Student: 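Dropping the structure in here first, questions after.
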Amino acid sequence: MSLKLFNTMSGKKEEFIPQKEKQVGMYVCGVTVYDYCHVGHARAAIVFDTLYRYLQYLGNDVCFIRNFTDIDDKIINRANEEGIDWQEVNRKYIEAFHQDMGKLNIASPTEEPKATDHIPQMLEMIQSLVDQDKAYESGGDVFYSIKSFKDYGCLSGKNIDDLQSGARVEVNDTKKDPLDFALWKKSKPGEPSWESPWGPGRPGWHIECSAMSKKYLGDTFDIHGGGKDLVFPHHENEIAQSCGCTGKQPVRYWVHNGFVNIDKEKMSKSLGNFFTLRDVYKKYHPEVLRLFLISSQYRSPIDFSKKNLEDATKVMTRFYEGLAGANEKLKDLDTNSISDFQDKVKEHTLTKGFKTAMNDDLNTAVVMAQLNEGLRNINSALNNEDGLEDFAVYTHAWINVGKVIGLFSRTPEQFETELFAIKNKNLNLDVKKIEQLIANRNAARRSKNWAEADRCRDELTAMGVLTEDTANSTEWKIK
RNA sequence: GGCACCGUCGCCAAGUGGUAAGGCCGAGGUCUGCAAAAUCUCUACCGGCGGUUCGAAUCCGCCCGGUGCCUCCA
């Protein structure tokens, strides 16, 4: 039983075997930092965070690199729009990235390199390509000559003739071939620029990933990830550059995540149908978003909708309530007193089932089903007096499964509090009044004045409050 | 136009050769003063038509419907 990953290059699920045993090099395309992240960015981040966590769980030492693209037309435009320095734009949106992704429990990669910190490495690669006649200078720009790379199109399954007949490539007289792409762009006056053998300019988009992955992970590394939209041209161009430069295939497994859709259409900036994470967090808990985004397999498209997020909220709430119940039941148990506790957890059928699902190209949808079944078993056992040790093993196995896929990042109390704050934002409930009504109702219940008790509850219901009577108290929450 | 992918219960979503996981919603039972929560039970022959096979949601062909990439994009 071993991990299989769908490799875009072969179009098949392949057994994942790292170059060096138990050591994995993984590079994932991050974001261009000129705006707040949206749900699509979150999906990519979550998918590769989940892969990162799982690889580590399997005992690998993972060197995980996720870059920031911090120089680009959009950044320069944004700087002009906001009347601030382009580096200020970067600073602002990198900080926002960390805030917004942090709420999703995205672990920090090993390194988060920025393009502009690697200009020398990029220049070196470009020079090498020019020296090999695989790139040429033209009026201060430097282009990669795709004709020099016979395998161009191998990742995306395109052939050069089809691409040209598509006629959607930029018309540019300075290029020898319309499909050639920029390695180095001559800077316009007033734009940020770096010195180069071809005059002042800035790097093209694709070269940064080739240069940084090479620097941090070597000429050939294990996994390169990103959204499906990066397959062509970005990753195709990366292959061309890196192969051209080193003569080696840079990547052994190409992994791409599917899109987040709105009404079956790709969420994108250009269509304007995107939701920033900041907007989403106003209505839904970040962990709910994470759960939603891993509730289908990472390569499938996933439709972002109110209904789906509400469903996910219900599931996440049930998980945490079950967890709270289990914690309560286990609070006096010292798991260290259970012999071979960790081994029992590790060898539990729940854990094994989880690995089987994850090994099949990270089938987190199946893991969700397993967590739901696990929850049902936990809830069933909650009022059961015996088998506490077995229950502890089971519960810990269940929690571990959730944690490996990045769930249960809060305590049940934290989750409840945070969820309450989100739900209460629009309701603005008067907590004192609610507690008074509950006290009144319980007084009525004690004197068996059911009519009055029901009247109090109806009033609460009308406010959007749900009551749950327990043995000697009444819990309440927002519906 | 070229190249991919997708179409499974009302909704979401696994399953890729042996008679359909899970979640939401719905119906009924247990529990409860009644509820709620929890739990139990019930609810699909898999877009259509052919073909291969002892056997297909799963393979092949055609058709219908949808999406993506071919320009920046996670």
Side-chain angles (χ1 to χ4, degrees), chain A residues 8 11 13 28-32 37-48 69 72-74 153 156-159 161-171 179 205 225-234 236 256-261 264-271 274 291-292 295-297 299-303 305 307-315 317-318 321-322 325 353 357 360 363-383 444-445 448-451 453-454 457-458 460-461 465-470 474-477 479:
Chain A
T8 307
K13 286 181 196 173
V28 173
C29 288
V31 296
T32 302
C37 289
H38 65 234
V39 180
H41 298 121
R43 187 179 196 190
I46 288 169
V47 165
F48 293 102
T69 298
D72 149 285
D73 286 342
K74 293 189 287 289
S156 54
K158 297 183 186 307
N159 71 64
D161 296 337
D162 289 345
L163 286 168
Q164 287 173 332
S165 65
R168 290 181 69 185
V169 283
E170 190 189 347
V171 180
L179 292 172
W205 175 34
K228 266 193 167 74
D229 44 4
L230 299 181
V231 173
F232 188 91
H234 186 54
E236 200 72 72
H256 293 99
N257 65 275
F259 299 134
V260 176
N261 292 164
K264 307 262 161 89
E265 262 188 342
K266 179 187 171 185
M267 178 185 286
S268 73
K269 304 279 281 195
S270 48
L271 284 169
F274 63 92
L291 181 141
F292 164 67
S295 63
S296 61
Q297 211 273 345
R299 285 186 287 122
S300 311
I302 187 168
D303 220 49
S305 72
K307 166 80 164 67
N308 288 343
L309 268 288
E310 282 170 357
D311 284 359
T313 302
K314 285 178 190 169
V315 174
T317 303
R318 282 184 352 110
E321 285 175 356
D360 184 16
N363 198 333
T364 50
V366 165
V367 176
M368 291 309 302
Q370 292 167 342
L371 282 174
N372 272 296
E373 278 175 279
L375 175 67
R376 206 191 318 136
N377 290 328
I378 287 169
N379 280 329
S380 293
L382 239 32
N383 297 315
R445 286 171 69 211
K448 298 198 192 302
N449 184 352
W450 308 127
D454 289 348
R457 187 171 57 201
D458 289 345
L460 288 160
T461 306
V465 172
L466 206 70
T467 56
E468 288 174 25
D469 296 335
T470 63
T474 296
E475 308 270 317
W476 66 276
K477 63 181 180 186
K479 215 185 314 180

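Being a predicted model, the structure only gives us computed values, none of them experimental. We use all heavy atoms of the structure for the numbers below, so side chains are in, but hydrogens, waters and symmetry mates are not. Within every chain, numbering begins at 1; the chains are lettered A, B, ... in the order of the sequence lines, protein sequences first and strands thereafter.
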Student: Whole-Å distance between B:U67 P and A:Lys264 NZ?
Tutor: 9 Å
Student: Just compare B:A13, B:A74, B:C40 and give me whichever is closest to any side-chain atom of A:Val260.
Tutor: B:A74
Student: Output one letter per nucleotide in nucleotides 5-11 of chain B: B when a protein non-hydrogen atom lies under 4.0 Å from the base, S when only the sugar-phosphate is that close, - when neither is.
Tutor: ------B
Student: Hey, is the main chain of A:Asp303 close enough, under 3.5 Å, to the side chain of A:Asn308 for a donor-acceptor pair?
Tutor: yes
Student: Write down the distance separating the C1' atoms in B:G15 and B:A56, rounded off to the nearest Å.
Tutor: 13 Å
Student: Measure from the side-chain heavy atoms of A:Lys314 and tell me the nearest of B:C24, B:A35, B:A74.
Tutor: B:C24
Student: Can you spot which of A:Asp311, A:Thr317, A:Val315 makes a side-chain contact (heavy atoms from CB on, under 4.5 Å) with A:Thr313?
Tutor: A:Thr317
Student: With a 3.5 Å cut-off and heavy atoms only, can you find an N or O donor on one side and an acceptor on the other between the side chain of A:Asp454 and the base of B:G33?
Tutor: yes
Student: Using the side-chain heavy atoms of A:Glu373, tell me which of these nucleotides is nearest: B:A74, B:G33, B:G22.
Tutor: B:G22
Student: Compare the minimum distances between each of B:G33, B:A74, B:A21 and the side chain of A:Phe259, then state the nucleotide with the smallest one.
Tutor: B:A74
Student: Taking only the P atom of each, what is the distance from B:C31 to B:A35 in whole angstrom?
Tutor: 11 Å
Student: Return the 5'-most residue of the pair A:Ala453, A:Ser268 with respect to RNA chain B, ranking by each residue's nearest nucleotide.
Tutor: A:Ala453
Student: Relative to the 5' end of RNA chain B, which residue comes earlier, A:Lys74 or A:Gln297, by the nucleotide with the nearest heavy atom?
Tutor: A:Gln297
Student: Less than 3.5 Å between a donor and an acceptor, one on the side chain of A:Asp469 and one on the base of B:C34, is that the case here?
Tutor: yes
Student: If you compare every side-chain N and O of A:Ser300 against the phosphate oxygens of B:A14 (OP1, OP2), does one of them come in below 4.0 Å?
Tutor: yes
Student: To the nearest angstrom, how far is A:Arg299 atom CZ from B:A14 atom C1'?
Tutor: 13 Å
Student: Rounded to whole angstrom, note down the P distance from B:G26 over to B:A14.
Tutor: 24 Å
Student: Give the nucleotide from the list B:A13, B:A74, B:G15 with an atom nearest to the side chain of A:Ala365.
Tutor: B:A13
Student: Partner lookup for B:C62, please. Criteria are Watson-Crick or G-U wobble with both distances under 3.5 angstrom; report none if nothing qualifies.
Tutor: B:G48
Student: Kindly point out which of B:A74, B:A36, B:A13 is positioned nearest to the side chain of A:His38?
Tutor: B:A74
Student: Report the nucleotide, chosen from B:G68, B:G23, B:C72, that has the shortest atom-to-atom distance to any side-chain atom of A:Val315.
Tutor: B:G23
Student: Would you say a side-chain N or O of A:Asn372 is under 4.0 Å from OP1 or OP2 of B:G23?
Tutor: no
Student: Looking only at atom types and distance, does a side-chain atom of A:Asp360 sit under 3.5 Å from a main-chain N or O of A:Asn363, one as donor and one as acceptor?
Tutor: no
Student: Under 3.5 Å, side chain of A:Lys228 to main-chain N/O of A:Arg299, donor-acceptor pair present?
Tutor: yes
Student: Rounded to whole angstroms, how far apart are CG on A:Asn363 and P on B:G22?
Tutor: 15 Å
Student: So what's B:A4 paired with, Watson-Crick or G-U wobble, going by both distances under 3.5 Å?
Tutor: B:U67
Student: Which nucleotide, B:C70, B:G33, B:G22, lies nearest any side-chain atom of A:Arg376?
Tutor: B:G22
Student: Picking from B:C72, B:U39, B:A74, which would you name as closest to the side chain of A:Val31?
Tutor: B:A74
Student: Looking at the side chain of A:Arg457, which of B:A74, B:C72, B:G33 is the nearest nucleotide?
Tutor: B:G33
Student: Rounded to the Å, how far apart are A:Gln370 CD and B:A13 P?
Tutor: 19 Å
Student: From CG of A:Leu230 over to C1' of B:C70, roughly how many Å is that when rounded to an integer?
Tutor: 15 Å
Student: Taking the P atom in each of B:A13 and B:C9, what is the distance between them to the nearest angstrom?
Tutor: 11 Å
